[in-house]
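Each ligand, and each atom within it, is numbered from 1 in the order the structure gives. All heavy atoms count here, side chains included; hydrogens, waters and symmetry mates do not.
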Amino acid sequence: MTNKNLYTLFEDHFPSDKSAIAFEGPDVQTFSFEQIVIRSAQMANFMTDLGAKPGDRVAVQVGKSVEAVILYLACLRAGLVYLPLNTAYKAAEIEYFVGDASPALVICDPSSLSEISKISTKAGVLEVLTLNAEGRGNLTEGAANCSFDFTTVSRASDDLAAILYTSGTTGRSKGAMLTHDNLASNALSLHKTWRFDEDDVLLHALPIFHVHGLFVALHCALLNGSKIIFLTKFDALTVTEYLPSSTVFMGVPTFYVRLLSELGLTSEICRNMRLFTAGSAPLLEETFSAFSEKTGHVILERYGMTEAGMITTNPYDGERKAGTVGFPLDNDVRITDDDGKIVPDGEIGILEIKGPNVFKGYWQMPDKTAAEFRSDGFFITGDMTRKGDDGYYRIVGRSKDLIISGGYNVYPKEIESFIDEMPTVEESAVVGRPHVDFGEAVVAFVVPTASTSGLQASDVTAFIKEKLANFKVPKQVYIVDTLPRNTMGKVQKNALRELALKDA
Ligand code: MCA
Ligand code: AMP
């Protein structure tokens, strides 16, 4: 059996001159490909020596550093299943993920060690290790004493490489199980379609705990064996400083909105650029046009999701159309009605997909997995889609109750359940409202209990801030007497969206 470990695919594409730079950037140490190979071997040895075995999960909540990328590669090499967690998540959120995935190892920032250790002890974790945003901690210290040699563990195509949690519309987050082949097939497909070549330099500014920054961006460059300019955080000014030495940039729409307000963004600084891509949320046509006017570059919008990586893309050579997500990558797609019947071209339905990129299922949730697949293996994305006469696909809405804020998904149900736990609250409803910077902003309508007087919006915000990630905290809270309901008693979220919009 040939080894299908994703790491071997990357290593096969590393340049023959391994002293070539793999990572550099203003806040990181420069790493050559040789160092990446050696350091990932050392980390794989260290984790294996601690008792982690192929198939075990490694939960990771650390700041963005090259060492964190090496940790990801080390997990692949050791056959461990990488489980990245948003750095914004608070202890209560982490407790759920660690309890659900029962990882062998947890890696966290030193500042959260005591909190995470308590959670991990309860979940039977072997060891909690630290790694700070500068790449230091007892993980790198321990690995430094380990051998430079590690034979990458052999993996079959459908062995797990990673689990990424995605929130659910009905409460509990689901761990999407991604195999080595899911990730490899999507990486190869994007690398080819977006025409990566040896002279490319990727400017990387995305977080590395989600599909976009971790897989889409990093995999294309690793597979290309070319340099990554690695920014530890998105900052529009810093991006403009590094654009002249880059050729490819990937971002969520908020990145482009913020870049457009940088005076330094000109066609001159983009002279070496060959590709700007956008995704994770809809790119507004006005952002698309303004960017093209200012830089001469037409942003390539693509569409994907955690469960399948990238699904469609605008063409590299042909016309890139605003408001569309282009054509299917190497997966089959169809648009169906609620009963799963294919709708005629031009009509709106739900996008369903099938292909090597589509995940293996939700971790320990066979019923949820079964509910989201058709009997012939197509996965129901929940995205309302229309295929135009021109053949381009357009994402026109979502059948799932989901807000995408600055590229992060927020499920209203999660926030509502949390607000409803306040003893002073009768009920609540959470909706999205257009936001110039984040695309959509989270807004909450809250009804106090009959016996409560003087409940303030700030009380609700403070309550949420303590327990949930900051990006989930409503940008505005309205205290109201009642929620509008239809004759069936269902809360009319559209009416609330209109109210919020009018008020804005
Ligand atoms: C930060 N805040 C946010 C967000 N980010 N609020 C709502 N939505 C957000 N996305 C909060 C902060 O905690 C802070 O709150 C306040 O807003 C202002 O923060 P600011 O400093 O402006 O934010 P930032 O640190 O600059 O972050 C903004 C960001 C970041 C750079 C746009 O959100 C980001 O990196 N987004 C990318 C997400 C991403 O990679 N998504 C890909 C998912 P306070 O003032 O209270 O402290 S993968 C995916 O979707 C699929 C697979 C796909 O197709 O790609
Ligand atoms: P996630 O669960 O973080 O993987 O987010 C995936 C969701 O983001 C998809 O199901 C879509 O709703 C949305 N999405 C991703 N890319 C685009 C895009 N280019 N346009 C519109 N929505 C998008």
For Phe276 and Phe291, run ring-ring contact (aromatic ring centres under 6.0 Å, His included): C-alpha distance rounded to whole Å, both residues' side-chain angles, the deciding distance at 0.1 Å, then the answer. CA-CA 10 Å; Phe276 287 93; Phe291 197 82; 4.9 Å; yes

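- For ligand 1, one of its N or O atoms has an N or O atom of Gly407 under 3.5 Å away.
- Nearest protein heavy-atom contact of atom 6 (N) of ligand 1 is Lys475 NZ, 2.8 Å.
- Checked options Asp383, Ile348, Thr385; the residue passing with Val396 is Ile348 (criterion: side-chain contact (heavy atoms from CB on, under 4.5 Å)).
- In terms of protein heavy-atom proximity, atom 1 (P) of ligand 2 is closest to Asn409 ND2, 3.0 Å.
- Phe234 and Phe249 have tilted rings, their planes meeting at an angle from 30° to 60° on a 0 to 90° scale.
- For the pair Gly213 and ligand 1, no heavy-atom separation below 4.0 Å is found.
- Using a 4.0 Å cutoff on heavy atoms, Lys400 counts as a contact of ligand 2.
- Scanning the protein for heavy atoms near atom 10 (O) of ligand 2, the closest one is Asp383 OD2, 2.6 Å.
- Between Phe196 and His191, the two ring planes are parallel [angle under 30°; tilted spans 30° to 60°].
- A distance of 6.0 Å or more separates the ring centres of Tyr256 and Phe288.
- In this structure, the protein non-hydrogen atom closest to atom 13 (C) of ligand 2 is Ile404 CD1, 3.4 Å.
- Using a 4.0 angstrom heavy-atom cutoff, Lys472 does not count as in contact with ligand 1.
- In this structure, Tyr392 and Phe327 have tilted ring planes: the angle between them lies in the 30° to 60° band.
- Ring planes of Phe215 and Tyr72: tilted class, angle from 30 to 60°.
- Atom 15 (O) of ligand 1 has its closest protein heavy atom at Asn470 ND2, 3.9 Å.
- Residue Arg302 places at least one N or O, backbone or side chain, under 3.5 Å from an N or O of ligand 1.
- Looking only at heavy atoms of the protein, atom 23 (O) of ligand 1 is closest to Arg258 NH2, 3.9 Å.
- The closest heavy-atom contact to atom 6 (C) of ligand 2, among the options Arg302, Met384, Met305, Arg398, comes from Met305.
- If you check which protein heavy atom lies closest to atom 33 (O) of ligand 1, you get Tyr408 CE1, 3.3 Å.
- Protein heavy atom in closest approach to atom 21 (C) of ligand 2: Pro282 N, 3.5 Å.
- A pairwise comparison of heavy atoms in Thr254 and Gly406 identifies OG1-CA, 3.3 Å as the closest pair.
- In this structure, atom 19 (O) of ligand 1 is not in close contact with the protein, since no protein heavy atom lies within 4.0 Å of it.
- For ligand 1, the polar-atom distance check against Ser405 finds a nitrogen or oxygen pair separated by under 3.5 Å.
- The distance from ligand 2 to the heavy atoms of Thr306 drops below 4.0 Å at these ligand atoms: 1 (P), 2 (O), 3 (O), 4 (O).
- With respect to atom 32 (C) of ligand 1, the closest heavy atom belonging to the protein is Thr254 CG2, 3.7 Å.
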Show the numbers, then the answer: is there a side chain to side chain contact (heavy atoms under 4.5 Å, CB included) between Ile70 and Phe31? CA-CA 10 Å; Ile70 295 173; Phe31 280 83; 3.7 Å; yes

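- Residue Glu301 has at least one heavy-atom neighbour below 4.0 Å for each of these atoms of ligand 2: 18 (C), 19 (N), 20 (N).
- At least one N or O atom of Ser280 sits closer than 3.5 Å to an N or O atom of ligand 2.
- For ligand 1, the atoms closer than 4.0 angstrom to any heavy atom of Lys465 are 46 (O).
- Geometrically, ligand 1 and Phe234 share no nitrogen or oxygen pair separated by less than 3.5 Å.
- Put simply, part of Val325 is less than 4.0 Å from ligand 2, judged by heavy atoms.
- Using bins of under 30°, 30° to 60° and over 60° for the plane-to-plane angle, the ring pair His219/Phe10 lands in the tilted bin.
- Of the polar atoms of Tyr303, none of the N or O atoms is found under 3.5 Å from an N or O of ligand 2, judged by distance alone.
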Assess the residue pair Phe97 and Tyr89 against the criterion (ring-ring contact (aromatic ring centres under 6.0 Å, His included)); give the C-alpha distance rounded to whole Å, side-chain angles, the decisive distance to 0.1 Å, and a yes or no. CA-CA 10 Å; Phe97 299 123; Tyr89 289 150; 5.2 Å; yes

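- Distance check on atom 45 (O) of ligand 1: every protein heavy atom falls at or beyond the 4.0 Å cut-off.
- Geometric assessment of Lys174 against the ring of Tyr362 yields a positive cation-pi assignment under the 6.0 Å and 45° thresholds.
- Taking only non-hydrogen atoms, the option from Gly397, Gly326, Gly304 nearest to atom 15 (C) of ligand 2 is Gly304.
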Kindly determine whether Arg274 and Asp200 satisfy salt bridge (Lys or Arg N to Asp or Glu O under 4.0 Å), including the steps that lead there. CA-CA 9 Å; Arg274 70 167 184 86; Asp200 271 321; 2.8 Å; yes

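- Aromatic pair Phe209/Tyr165: ring centres not closer than 6.0 Å.
- Residue nearest to atom 5 (N) of ligand 1, selected from Tyr303, Phe438, Phe255: Phe438 (by heavy-atom distance).
- Under 4.0 Å is where a charged nitrogen must lie from a carboxylate oxygen, and between Asp437 and Lys475 no such pair does.
- Checking only distances, Ser280 does come within under 3.5 Å of ligand 1, N or O to N or O.
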